[in-house]
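Working notes, beginning with the structure itself.
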Amino acid sequence: MNKPLMMLMAAAALAVGTGVYLNTSIGNAGPAAKAADKAHGDKGHGHAEEGVVQMSDAKLAAAGIEILTATPGTLRNSIILNGILQPNQEALVQVTPRFPGVVREIKKRIGDAVEKGELLAKIESNQSLSVYEMRAPISGTVIDRQISLGEYASEQKPAFIVADISTVWVDLSVYRRDLPRVRIGDTVQIDVGDGGAPIEAQLSYVSPVGSSDTQSALVRAVVANEGMRLRTGLFVSARLILSAKQVPVAVKATALQTVENKTVVFVRNGEKFESREVEIGQRDVENVEIVFGLMDGDRYAAKNSFVVKAELGKGEASHDH
């Protein structure tokens with residue numbers, strides 16, 4: 001066999017051997033490569049669902065997140081008024097000495113409860129030098145006393161003021177711009193400022209005259225003083241309800257958050273929150289009408305819902321990496 005032919009056959013054998021080696025190497029690497037690809041794919045599918053936050057009940061309690069239920073609600077158009085608690089003047093009596101004289105005995109002091117006819121004080125008359133008694137004309141509480149033992153008591157000045165404080169007046173100021181909208185019978189929700197629930201009452205009086213100093217007029221509600229919670233002389237605020245509208249679904253205004261320029265409410269499902277886009281309608285200072293996105297009965301994050309939003313942001317940031 002000549003030399004050129006032998007060289008050609010050797011080159012062909014080398015090419016075949018190399019092809020077999022490469023094919024074997026690639027075949028052996030195939031499963032590993034597929035496994036790596038599968039692991040990468042599994043890792044991608046392990047991400048949390050988009051718009052969903054996992055939070056246990058214990059974490060909710062620690063964050064102070066309040067869960068409420070979406071229900072039909074009432075939206076109220078209202079104004080805030082300031083005022084003061086006053087004794088009910090229709091259940092108040094000033095007790096004045098019948099004759100001037102010296103106070104010889106005092107039986108009651110400010111804050112004491114008295115029954116009708118109960119002894120308040122004894123006074124020695126300057127005219128007859130005899131001692132006469134002053135008695136409570138009504139049952140109630142002594143809210144003022146203007147006499148002291150041994151001093152001269154005049155018939156020109158009340159010695160005691162006795163009031164039935166089972167009801168009090170809530171006197172509120174309404175600025176002139178709002179007066180045309182205020183009527184007797186309107187509902188007021190009174191915040192006493194003691195941390196308790198507001199007291200609901202109706203206006204019983206709207207003053208026909210105003211104050212030149214404050215450019216406002218007085219309106220009044222008579223309120224039952226349950227548990228002696230209302231102390232005359234203290235300031236209060238009140239929400240005067242001008243109108244009310246019923247809506248099919250409402251949530252607390254604090255539930256609304258903005259995510260990617262969308263208004264959302266975080267709906268609770270098991271131990272997860274779902275970011276639910278909503279369409280809102282009318283609103284008042286506390287509640288918002290939900291036109292679309294929630295149903296009656298959905299449980300949602302109300303108070304401190306921003307914590308859920310923050311958790312959602314953390315999850316999305318980790319996914320980006």
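Every heavy atom of this structure was used, including side-chain atoms; hydrogens, water molecules and symmetry mates were not. Throughout, residue positions are numbered sequentially from 1 according to the sequence presented.
Inter-residue side-chain proximity for Met295 and Val249 is flagged as unmet; no heavy-atom pair is nearer than 4.5 Å. At least one side-chain heavy atom of Tyr152 sits less than 4.5 Å from a side-chain heavy atom of Asn126. Residues Ser275 and Phe266 have side chains in contact (heavy-atom distance under 4.5 Å, counting atoms from C-beta outward). At least one side-chain heavy atom of Pro137 sits under 4.5 Å from a side-chain heavy atom of Val95. The side-chain heavy atoms of Thr254 and Glu66, taken from C-beta on, include no pair separated by under 4.5 Å. Contact of the Val307 side chain with the Lys59 side chain is not registered, since no non-hydrogen atoms from C-beta on lie closer than 4.5 Å. Side chains of Ile290 and Ile280 form a contact here, defined as non-hydrogen atoms less than 4.5 Å apart. By the 4.5 Å heavy-atom criterion applied to side chains, Asp296 and Pro72 are counted as neighbours.
Val278 and Leu68 end up in the same hydrophobic cluster when Ile, Leu, Val, Met, Phe, Trp and Tyr side chains are linked at under 4.5 Å. Residues Ile79 and Ile190 share a single hydrophobic cluster, defined by chaining ILVMFWY side chains whose heavy atoms lie under 4.5 Å apart. Both Leu240 and Val168 belong to a common hydrophobic cluster when Ile, Leu, Val, Met, Phe, Trp and Tyr are linked at side-chain heavy-atom distances under 4.5 angstrom. The hydrophobic cluster containing Phe160 does not contain Ile143, counting ILVMFWY residues as joined when their side-chain heavy atoms lie under 4.5 angstrom apart, directly or transitively. One hydrophobic cluster, built from ILVMFWY side chains closer than 4.5 Å, cannot hold both Phe99 and Val102; they sit in different ones.
Remark: the backbone N or O of Gly64 is paired with a side-chain donor or acceptor of Asn304 at under 3.5 angstrom. Although no hydrogens or angles enter the test, the distance criterion places no donor-acceptor pair under 3.5 Å between the side chain of Arg283 and the main chain of Val285. Glu271 contributes no side-chain N or O that, together with a main-chain N or O of Ser56, makes up a donor-acceptor pair within less than 3.5 Å.
With respect to Asp284 and Lys245, no salt bridge is recorded, no charged nitrogen being found less than 4.0 Å from a carboxylate O. At a threshold of 4.0 Å, the pair Asp186-Arg183 does not count as salt-bridged, since none of the basic side-chain nitrogens sits closer than that to a carboxylate oxygen. With respect to the salt-bridge test (charged N to carboxylate O, under 4.0 angstrom), the residues Glu274 and Arg276 qualify.
How far CD of Glu286 is from OG1 of Thr74: 11.5 Å, rounded to the nearest 0.5 Å. Taking CZ from Arg299 and CG from Asn269, the interatomic distance works out to 9.0 Å, rounded to the nearest 0.5 Å. Atom CG of residue Leu85 and atom CZ of residue Arg231 lie 11.0 Å apart, to the nearest 0.5 angstrom. Atom CD of Gln146 and atom CD of Glu151 lie 9.0 Å apart (nearest 0.5 Å). Going from atom CZ of Arg181 over to atom OG of Ser78 covers 9.5 Å, rounded to the nearest 0.5 Å. Separating the OG1 atom in Thr258 from the CZ atom in Phe306 is a distance of 14.5 Å, to the nearest 0.5 Å.
In summary, the side chains of Ser211 and Asp213 do not present any donor paired with an acceptor at a separation below 3.5 Å, with no hydrogens or angles considered.
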*Yes or no on side chain to side chain donor-acceptor pair (under 3.5 Å) for Thr232 and Gln86, after CA distance, side-chain angles and deciding distance?*
CA-CA 5 Å; Thr232 58; Gln86 301 274 29; over 6 Å; no
*Check the pair Val188 / Val170 against side chain to side chain contact (heavy atoms under 4.5 Å, CB included), numbers first and verdict last.*
CA-CA 10 Å; Val188 287; Val170 182; over 6 Å; no
*Applying side chain to side chain contact (heavy atoms under 4.5 Å, CB included), run through Asp144 and Ile110 and close with a yes or a no.*
CA-CA 6 Å; Asp144 194 18; Ile110 296 175; 4.2 Å; yes
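Within a 6.0 Å sphere centred on CD of Glu226, heavy atoms belonging to other residues, nucleotides or ligands number 12 at most. With a 6.0 Å radius and a threshold of 12 heavy atoms from other residues, nucleotides or ligands, Lys309 has its NZ atom above the threshold. Within 6.0 Å of OH on Tyr175 lie no more than 12 heavy atoms contributed by other residues, nucleotides or ligands.
The list of side-chain hydrogen bond (donor to acceptor under 3.5 Å, both in side chains) pairs with a residue in residues 106-123, not counting sequence neighbours, reads Glu105-Lys107, Lys108-Glu118, Glu115-Ser139.
For Ser305 against Ala255, the heavy-atom pair with the smallest separation is OG-O, 3.6 Å. Considering every non-hydrogen atom in both Ile184 and Ser204, the closest pair reads CD1-O, 4.1 Å. Minimum interatomic distance between Thr69 and Tyr300 (heavy atoms only, all atoms of both residues): C-CE2, 3.6 Å. Nearest heavy-atom pair, Ala121 versus Ile147, reported as atom, atom and distance to 0.1 Å: CB-CD1, 4.1 Å. The minimum heavy-atom distance between Leu149 and Arg104, with the atom names listed, is CD1-O, 3.2 Å. Across all non-hydrogen atoms, the minimal contact from Glu133 to Arg98 is O-NH2, 3.7 Å.
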For residues 216-225, which side-chain N or O atoms pair as donor and acceptor with protein atoms under 3.5 Å away, sequence neighbours left out?
residue : atom : partner : partner atom : Å
Ser216  : OG   : Thr214  : OG1          : 2.6
Arg220  : NE   : Asp171  : OD1          : 2.6
Arg220  : NH2  : Asp171  : OD2          : 3.4
Asn225  : OD1  : Arg229  : N            : 3.0
Asn225  : OD1  : Leu230  : N            : 2.7
Asn225  : ND2  : Ile165  : O            : 3.0
Asn225  : ND2  : Leu230  : O            : 3.1

